[in-house]
Amino acid sequence: MAYDHKAELSKPERFSPGHRLCSGCGAGILCRAMTRALDEGDRAVICNATGCLEVSSFLYPYTAWQDSYIHGAFENASAIASGVAAARSRKEAKGEIKGNVKVLTIGGDGGTYDIGFQSLSGALERGTDMTYFCYDNEAYMNTGIQRSSSTPRFASATTTPAGEVSQGKQQNKKDLTEICAAHNIPYVAQTTYIGNMKDLHEKAHRAIYTPGPAFVNVMSPCPRGWQYPSEDLALICKMAVETCVWPLYEVIDGTWHINYVPKNKLPVEEFMKLQGRFRHCFRPGNEWTIEEAQKYVDMKWEKLLAKCSD
């Protein structure tokens, strides 16, 4: 499908303004892009795990969602989506549904990498016809910026604070995109908010219209947890890609494709220095933290390049 930026922006909004998400939060951008990626005339059922997005987009009797919406618990968004997909299939077989209805599931890293991983893994393994979007803001932002398994090494969080004894979280970030690819599902992708949203939209559309389970992992910076001015959202996403902290790639039927290779791969500190959660890494005596972060990013990047057919 050729991407027509003007045509996509001219579509009616299916995620309304006036929600309670913070200024500079990426989750609302994802919701707009995710629902805009639906073909005109198609409908969706949105299954949303507990988190920032849920409490900000749906506060009874107000909702930002124009499509059908279900809020479940932290751990069971994918299980709910599995039930919705099964009900849809049954009603389609009986001729009770007219038109195309897609099942979209969305959750933050807490409800995806951690608490919701069991139900997500089960849905992928069973071959549930749904698309899961993770807005990855790398901590439990809604409940106080506690570390999650998505939090990168050396990031300061309320449960892994940087100080005289500790230099933030001591473990590397879990690679959930790669874990989902290991389920051998038809489509897996990694993207974020850069440029004219072409990469995000094309991957969202491809995921939604791939039969069977699909997973899209979207780096979604949080101004409160990452400690940056709200207007720097796009810059941080750009630096994540240019430093290869967050590569853009997809796995289609088991074949790995890299979507962007920086002409001049920037050092990881260009990404880290924009965020207060890494401020301690730039203090005298802590240079080793940046060196370790660079080694890890370089290692992951080389492994990704080796997997990609192109």
Side-chain angles (χ1 to χ4, degrees), residues 1-4 7-8 11 14 30-31 33-49 65 67-70 72 76-107 112 116-135 176-191 197-218 248-259 307-310:
M1 181 200 69
Y3 178 78
D4 186 332
E8 289 307 311
K11 286 182 178 179
R14 298 170 74 155
L30 171 57
C31 294
M34 175 183 76
T35 52
R36 187 181 287 125
L38 289 157
D39 290 342
E40 292 191 62
D42 288 353
R43 294 172 290 159
V45 177
I46 313 291
C47 302
N48 187 188
W65 299 94
D67 290 275
S68 300
Y69 175 85
I70 303 173
N76 65 351
S78 297
I80 292 172
S82 296
V84 172
R88 176 193 59 187
S89 296
R90 178 62 175 163
K91 286 183 173 292
E92 285 177 341
K94 295 170 68 175
E96 296 177 356
I97 292 181
K98 298 189 186 316
N100 205 1
V101 179
K102 295 297 184 180
V103 180
L104 309 182
T105 314
I106 187 166
T112 308
F117 178 70
Q118 182 178 13
S119 65
L120 170 61
S121 179
L124 300 184
E125 187 274 332
R126 290 190 300 271
T128 300
D129 187 10
M130 71 167 193
T131 302
Y132 194 109
F133 291 89
C134 175
Y135 64 99
L176 185 60
T177 312
E178 189 171 291
I179 292 170
C180 288
H183 286 70
N184 298 313
I185 60 176
Y187 187 76
V188 174
Q190 190 164 284
T191 186
M197 313 296 285
K198 181 176 184 291
D199 190 76
L200 171 58
H201 177 272
E202 289 187 336
K203 287 174 178 174
H205 187 276
R206 191 173 295 124
I208 292 170
Y209 289 95
T210 294
F215 177 81
V216 182
N217 206 0
V218 187
L248 305 180
Y249 69 93
E250 55 192 339
V251 186
I252 305 173
D253 292 325
T255 302
W256 294 62
H257 303 273
I258 196 156
N259 306 115
K307 290 178 181 178
C308 292
S309 60
D310 42 5

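The structure presented is a predicted model; accordingly, all values stated were derived computationally and were not measured.
The environment of Glu92 atom CD is dense: over 12 non-hydrogen atoms of other residues, nucleotides or ligands sit within 6.0 angstrom. Other residues, nucleotides and ligands place no more than 12 heavy atoms under 6.0 Å from the NZ atom of Lys91.
Scanning both residues, Thr210 and Asp129, for their nearest heavy atoms gives O-OD1, 4.1 Å. What you find for Met34 and Ile46 is that their closest heavy atoms are CE-CD1, 4.2 Å. Nearest heavy atoms, Ala44 versus Leu38: CB-CD1, 3.7 Å. The shortest heavy-atom contact between Ala77 and Asn48 is CB-C, 4.3 Å. Among all heavy-atom pairs drawn from Ser78 and Thr105, the shortest one is N-CG2, 4.2 Å.
The shortest distance between side-chain heavy atoms of Leu248 and Lys203 falls below 4.5 Å. A 4.5 Å side-chain heavy-atom check between Asp42 and Tyr209 finds at least one atom pair inside the cut-off.
Residues passing the side-chain hydrogen bond (donor to acceptor under 3.5 Å, both in side chains) test with Thr128 are Ser82, sequence neighbours excluded. For Tyr69, the ring pair (Phe, Tyr, Trp, His ring centres under 6.0 Å) criterion is met by Phe58, Trp65, not counting sequence neighbours. Every residue meeting the ring pair (Phe, Tyr, Trp, His ring centres under 6.0 Å) condition with Tyr249, not counting sequence neighbours, appears here in chain and number order: Trp256.
In this structure, Arg36 contributes its side chain and Glu8 its backbone to a donor-acceptor pair below 3.5 Å.
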Steps toward side chain to side chain contact (heavy atoms under 4.5 Å, CB included) verdict (Val251, Ile185): CA-CA 9 Å; Val251 186; Ile185 60 176; over 6 Å; no
Check against side chain to side chain contact (heavy atoms under 4.5 Å, CB included), His205 and Asp39: CA-CA 8 Å; His205 187 276; Asp39 290 342; 2.9 Å; yes
